[in-house]
Structure formats: C-alpha cells, structure tokens
Amino acid sequence: MSSEQNELIKRRLEELNEIREMGINPYPHNYEVTAKASTVINSYKDPVDDDEALKRKDNIVSVAGRIMSIRKMGKASFCHIIDDTGKIQFYIKKDEVGEKQYSLFKLLDIGDIVGVKGYAFRTKTGEISIHAIEIKILTKSIKPLPVVKEEITESGEKVIHDAFADVELRYRQRYIDLIVNENVRSTFIKRTKIIQAIKRTLEEENFLEVETPTLQTIYGGANAKPFSTHHNALDIQLYLRISNELFLKRLIVGGFERVFEFVKDFRNEGIDRTHNPEFTQVEWYQAYGDYFNSMDLFEKIVERAAISANGTTKIVYQGVEIDLKRPWKRLKMVDVIKDKTGIDVQNTALSELIDYIKSNQINFDPAIASNKGLITATLFDECCESELIQPTFVIDHPIDTTPLCKPLREYSPAQLQEMENDPEQIIFVERFEPYINGWELGNSYTELNDPVLQRRLLEQQVERGRGGEEETHPLDEDFINAIEIGMPPTTGAGLGVDRLVMLLTDSHSIRDVILFPLMKPIIKP
RNA sequence: GGGGCCGUAGCUCAGUGGUAGAGCAUCUGCCUUUUAAGCAGAGGGUCGAUGGUUCGAAACCAUCCGGCCUCACCA
C-alpha cells in the first residue's frame, strides 16, 4: 500500500500540518535533556523518605523519549515514553499546562518523540511518573508503530500482548524491533558488554589492538569459500577476508608480542541459525606461549564475558543448563571418540574406520578416504561434537586438519619422519577447539613456526585442493616469507563472538544477535 | 541447493469452495491519578504475485517472490 493511500499516514500528516499551523516546529533542532527515565525512577525508590522529596515538587526535570502508549481521559492523560534507559510515565493535565499545550498534546501519537518538563510524583497505583508542566514535540512520526501492550498480572508477572513478532519484519526493520521489543534492546546491550569484557581482559593481559585488511589479494587462515570482488583502478581480483590469522602472525614476526583484533569474517557458504555470511571473530596471538596458555585465557575471557553480561557463569540456553565456570574439561580428540564410539582410532586400521563410517551411514568426503587423520576428524565431527554440551576443550587434532599448527612436543624428529611415511599413523598437533552446547566456539594452536615444515604443509594442502578436496586455500608466499624471517614460539586463538553472544543471551538464531543480518532483497514486480 | 511449513487490515491473529472477520491501533463523542484505562459509535483489505480449475477461489492446482524449520556445506 502506498503511503498516500493509507488513512493512518494521512491522518498523521494532517496532524503535522495542524502543529505547524499552531506555530510549533514539529522537528526542532535540539532539546535540553536533564534526566533519564531510569534515573528519575531510581531516585525515588524509598517509599518513606522519598515521598517527602516527591511532595516538594521543586525538583524539575526534562526527559525526552518516544511515546509508547497514551491513555486519554478527557482533560487529563497518561503516557509512557521510552529513552535509552527505559520507560517512564508522564501525566499531563489541561488545567496545569494550559489550552495550547493540551491541544498540542492531543495531536501526538504513539511513536512521536517528545520532551517533557515536570516534577516527579507517585501515582495512586504507586508508579513514579512525571507531572508535566511543559511538553514539547521533538519529532513527529508519520508512520504507525506496532502497538505492543504489557500487562503486569496479580502475581507480578509481565505478560506481553500483541508482541511485534514477525521475524522477517523484525530483521528487515530492526529499528522498529528495537523500539517495541525491550528484550531485543537488552540482547544488543549485552552484546556490547560481552565485547567490552573480552577487550578489557585482553588489554589487561597487555595485548595490543590492531587492524588488518578486510580486502585481500589472497585469502587464507581458514578453510572456507571466499567472497570475491574487483578493484577497478588496479584491475585486480580481491577477496573479502575469511580470517585474519595470517596477518596477525606477520605482526608477531614484526615484533608485536601480543596482538588482538575484532574482525568481520566473510564466508560464502550456507546460511542457517548458526551461520551468517559475515560474522564477528576475535583473534589473539601471544608470543612465547603455547596452546595451554590460550586455553587458560580462553576460559577466562568467556567466564568474564558471562559475568559481565549476566552477573553469573551459569546460563540456560534454550532450556539446557550450562556452567561456564573455569576450569573447563580438557579432553584429547581420540579419547572423546573412544568414549562416544568405543573406537580406539590409533589402534584401528584405516580400512576398519572406513567400514565403520560406511556401515553407520556417516557423511564423509570420499576424497579423504586415504587420509586417516581426516577420517578421525570426521568421526569426531559426526559422532561426538553435538554431545559436548558443558564447556570442553577438545585438544590434539590430527595434523591433516590444519597446516598452521605445531605437532605435539613429545614427538622426536625421527619419530615424526617415520609416522609421516606410515598411512596408518596419525600425527597430532597442539590444537584445541572449545565446545559449548555442541558448538565449536573457537579454535587455537601452538602456532607452527618451522618455515620448512610450514611450506611443505601449505604446499600439500594446495595439492589436496587440486585432488578435488574442497575449501583448501591458495599458497600465500608472503606469509611463508614472514615465517622464514622467523616467528617466535607463539600461540593464537580465535573466538566466535556471535555464538558466544547467542549462548549468553539465550538467542535461538545468530540473526537475533546481529543487528542487521543479511536478508534477501524484496523485488517488487 | 533438496524436503516440510507459512504469507489475510498499521500490529497480533481467526477464517477448508458461497457477501472478507476479531482484538489492539485509527477516527467521532463522553471521561481531570490511568496503566492490556473505560463506555458508545464509525472508517479501514489487490487475502504475497501471476496463471489455471470452478457458475463461484483467501481457500483447490501450477509457477514465481519472501520467510521459518530441516538436511547438505560450514564457524
């Protein structure tokens, strides 16, 4: 329906004109706000002492906000407005504000933004409100807002009626969602608190916040399909980063011993309730540390983020109780597989593993059938991952899962060489993935800094890509050059911020924790 | 990309082949401490889009658009 035809909009445009005819600017340039909704309410918490203060009526405040409800009773009315601290009621009486002010008030609608000057009082029903002595229109809204009603039952429970619930409209017009759905506002405030807590923890540990390119000529650092784009002046193909790992390691080579970065990563893959094409990660790299240091820091960061958002390490995610309190369980991948399937992968022939996978109809990429390490990883992904509900670090992954991680320190050079030539042997690397609620929440390594092994592993991966395996990445010569210059012993970790926010806010979909999730455009015929 | 479900007033939803409905919001009147305010009345629709079946379609069929769930891919 076009805006000209809608009677609700027409009516509001008429009101707009009437306000202008009264000589009032419906879109003034500023307003002096002297108090916030929540501070007014919180200053009169004490029902005995504060009632004395309320009777004085000399504490004049000016609050500003959007009208959310109007209850007119002839020559007096009550309204609720919200500002960024919450909701407050004001009371306006014709006798007190005069004819012109009350006429202006009658031209206001739900959704308009007003400034209210007055004194605090307690209503008959006990609600701290503002008794208006002057009202000012700050912005006239010409489109109707969904009307959401709140009821406080006798038992004190809050019941929402007619909630603005259309998921599609909520995501497409998030501004409306934020206005009318208080829980949405609180989710995104928590998101900010979580990010602040992560930053604060890293800064306290002397990590330096840095920035690396989003547009890259070569992508790497993760196994994912990239978005590609084109630079006109240089006439070259560019990729949106899938990870910032390789750049942060270059900075460790450059002598910054502790760095971190919050980034948007972009992956050109499927969309579902735990995947958005652009998502936020924080990665940090620490020279002279190993993956045990990263585990300690990881669980510390998550614990503090939880306390910062909710005041507790205990969460309930979609009905499942989870405690994020340190320390978390640390289990070797092979032990988890043994526990869940009974298979001791190290003492089981590759052919038997394949038989197991086939007879249990487990999904796997046939291109990896000759790789015992990747078969082991598949067994873990398919049989174990979803059962790791309480926080668990799954440590020591097969070397074939990543070319960027150091083999276990217990291997001697001779042993490594022997294992490499035996397809029945699995070399494990110092990698961990933290699992919560069956989700992989991050990834961490004792970083590989042996330049010869680094080159070989990256080249092998390129080879595997040519062999038909998907989502391996091209060779980044400059990255290898940096490792050849020499990177100190280093540990690095990445944390999926969106998923952490989902857990800490009990959000069902990643789209509930991203302000503007990607939506398909609506094409009008 | 496959499969399932969904799309009706500004919002939340009824409506299974026979004149398009309710609550809230809007408008008119009454109401000077209300709070899902109340009382009386009124207006508001391309039923996601396009074709088809039918005497007759919001409903049945097909295609398309968008969303949700799920599987595949992945974090």
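Sequence lines set the chain letters: A, B, ... in the order given, protein chains first and strands last, and positions in each chain run from 1.
Rounded to the nearest Å, the gap between the C1' atom of B:rU53 and that of B:rC61 is 7 Å. Taking atom P on both B:rU19 and B:rG3, the two are 36 Å apart, rounded to the nearest angstrom. For B:rC55 and B:rU46, the P atoms lie 28 Å apart once the distance is rounded to whole Å.
Phosphate proximity of B:rA37 to A:Arg71: present, with a side-chain N or O under 4.0 Å from OP1 or OP2. For A:Asn6 and B:rG44, the shortest distance from a side-chain N or O to OP1 or OP2 is not below 4.0 Å. Between B:rU26 and A:Arg11, no contact under 4.0 Å exists linking OP1 or OP2 to a side-chain N or O. Residue A:His80 has no polar side-chain atom (N or O) positioned under 4.0 Å from OP1 or OP2 of B:rU34. Contact annotation: A:Arg122 does not reach the phosphate of B:rU33 (side-chain N/O to OP1 or OP2, under 4.0 Å). Residue A:Arg172 places none of its side-chain N or O atoms closer than 4.0 Å to OP1 or OP2 of B:rG66. Residue A:Lys149 places at least one side-chain N or O under 4.0 Å from the OP1 or OP2 atom of B:rA37.
Between the side chain of A:Asp272 and the base of B:rC69, no donor-acceptor pair of N or O atoms lies under 3.5 Å. Side chain A:Glu168 to base B:rG66: no donor-acceptor pair is found below 3.5 Å.
Counting only N and O atoms by type, the side chains of A:Glu150 and A:His80 include no donor and acceptor under 3.5 Å apart. If you check the side chains of A:Thr402 and A:Tyr445, you find a donor sitting under 3.5 Å from an acceptor.
In this structure, the nucleotide among B:rC73, B:rG67, B:rU33 sitting nearest to the side chain of A:Lys520 is B:rG67.
Heavy atoms of A:Phe279 sit under 4.0 angstrom from at least one base atom. Residue-level contact check: A:Gln89 touches the bases, meaning some heavy atom is under 4.0 Å from a base atom.
By the 30° and 60° cut-offs, the orientation of the rings of A:Tyr239 relative to A:Tyr219 is perpendicular. Classification of the A:Phe298-A:Trp328 ring pair by plane angle, with boundaries at 30° and 60°, yields perpendicular. Ring pair A:Phe105/A:Tyr102 is tilted by interplanar angle, where 30° to 60° counts as tilted.
Along RNA chain B, the nucleotide closest to A:Asp498 and the one closest to A:Ser509 are compared, and the more 5′ of them pairs with A:Ser509.
Here A:Trp439 does not count as stacked on B:rA75, because the ring centres are not under 5.5 angstrom apart with planes under 30°.
Remark: B:rC30 base-pairs with B:rG38; criterion is Watson-Crick or G-U wobble with both hydrogen-bond distances under 3.5 Å.
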